Amino acid sequence: MTTVRPATLDDIPAVVLLELDGFPGDAWTADYLRIAAEGGMPTVRLLVAESDGPDRTVVGHAIASIVFEVAELQRIAVGPAYRRRGHAQALLAAVIEQATAEGAERLVLEVRETNEPALAFYASAGFVEIDRRPRYYRDGTTGVVLELTLDQGR
Ligand SMILES: CC(C)(COP(=O)(O)OP(=O)(O)OC[C@H]1O[C@@H](n2cnc3c(N)ncnc32)[C@H](O)[C@@H]1OP(=O)(O)O)[C@@H](O)C(=O)NCCC(=O)NCCS
């Protein structure tokens, strides 16, 4: 099982490692992550997933930016040793809950068209493709824009 909670400063070293592993060449720095955890980026929510058990290891994190009706999932990553156990699903559920509570109507994200695990993960969560951006990434890879409609009770 997974517990998802807002990151604290104590979590930053673990999140730095998750960033370096999940997003090599594009990782958020410890300084940025610290500012986010301290609430210094008003639209940004930094969440961590802890595996339940005696050691309560931080196994994953998510970063979302929520601006009025649009929430953007900037990152979601789970450590390689902990994948396929539902931790990303738990992180995404927490992001959806938070974004919905703050009034967002849709959750959008960009993902590399070559990132098959992530595309499979987002498809399993109900995201649909709304756009493609050729050469979106610095190395020339196409970006796929995905969207999930959030339920505002209407
Ligand atoms: C994408 C990622 C976050 C998924 O994390 P995870 O904790 O392994 O995902 P979950 O266990 O919650 O998976 C939920 C469902 O998503 C799908 N899925 C996840 N990883 C998959 C994979 N490698 N291949 C196929 N389907 C996959 C499956 O349907 C899975 O359910 P199942 O295990 O019961 O079949 C993880 O692979 C990762 O950290 N990748 C590196 C960082 C990254 O690319 N992030 C996304 C871009 S922002």
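We count ligands from 1, going down the list as the structure has it; atoms in each ligand are counted the same way. These numbers come from a predicted model, not from an experiment. Residues: numbered from 1 along the sequence shown.
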Among the clusters formed by ILVMFWY side chains lying less than 4.5 Å apart, do Leu107 and Ile76 turn up in the same one? yes
Closest to atom 17 (C) of ligand 1 among protein heavy atoms sits Phe121 CA, 3.7 Å
Closest heavy-atom approach to atom 1 (C) of ligand 1 among Ala93, Gly79, Ala118 is made by Ala118
Checking heavy atoms under 4.0 Å, the part of Arg85 that sits near ligand 1 is backbone
Beyond-backbone contact of Val144 with Tyr136, side-chain heavy atoms, under 4.5 angstrom: no
- [ ] Say whether Arg75, considering both its backbone and side-chain N or O atoms, lies within less than 3.5 Å of an N or O atom on ligand 1.
- [x] no
| field | Contact (N/O only, under 3.5 Å) between Val78 and ligand 1 | value | yes
So for Asn115 against ligand 1, with non-hydrogen atoms under 4.0 Å, the contacting part is side chain
- Query: Taking 4.0 angstrom as the limit, do Asp11 and Arg5 come out as a salt bridge?
  - Reply: yes
On a heavy-atom basis, the closest approach of Arg112 and Leu119 is O-CD1, 4.0 Å
Tell me whether Arg133 contacts the main-chain N or O of Val145 through its side chain, where contact means a donor paired with an acceptor under 3.5 Å.
no
Looking at Arg56, I want to see if its CZ is surrounded by more than 12 non-hydrogen atoms of other residues, nucleotides or ligands under 6.0 Å. yes
What one should report as the nearest heavy-atom pair of Ser65 and Gln74 is CB-NE2, 3.4 Å
Note: ligand 1 atoms sitting under 4.0 Å from heavy atoms of Gly86 are 10 (P), 11 (O), 12 (O)
The remaining residues in the hydrophobic cluster of Val67, counting side-chain heavy-atom contacts under 4.5 Å among Ile, Leu, Val, Met, Phe, Trp and Tyr, are Phe68
Heavy-atom proximity to atom 7 (O) of ligand 1, picking from Ala49, Gly22, Ala88, Ala77, points to Ala88
Exercise for the section: Give yes or no for whether the N/O distance cutoff of 3.5 Å, strictly under, is met between Phe23 and ligand 1. Expected result: no
- Query: Is there a nitrogen or oxygen of Tyr122 sitting under 3.5 Å from a nitrogen or oxygen of ligand 1?
  - Reply: no
A student checking ligand 1 against His87 at a 4.0 Å heavy-atom cut-off should list atoms 7 (O), 12 (O)
For atom 26 (N) of ligand 1, the closest protein heavy atom turns out to be Ala120 CB, 3.2 Å
- Message: If we ignore hydrogens and angles and just use 3.5 Å, is the side chain of Arg45 paired with the main-chain N or O of Pro42 as donor and acceptor?
- Response: yes
Are any side-chain N or O atoms of Glu113 and backbone N or O atoms of Gly143, one a donor and one an acceptor, separated by less than 3.5 Å? no
Checking heavy-atom distances from atom 42 (C) of ligand 1 to each of Val59, Ile63, Ile76, the winner is Ile76
Task: Val111 N/O under 3.5 Å from ligand 1 N/O - done: no
closest protein heavy atom to atom 15 (C) of ligand 1 is Ser124 OG, 3.5 Å
Query raised in the report: Taking atom types as modelled, is there a side-chain donor on Asp139 or Thr141 under 3.5 Å from an acceptor on the other?
Result: yes
Closest to atom 35 (O) of ligand 1 (heavy atoms only, candidates Arg84, Arg83, Glu19, Gln89) is Arg84
the protein heavy atom lying closest to atom 23 (N) of ligand 1 turns out to be Pro117 CB, 3.3 Å
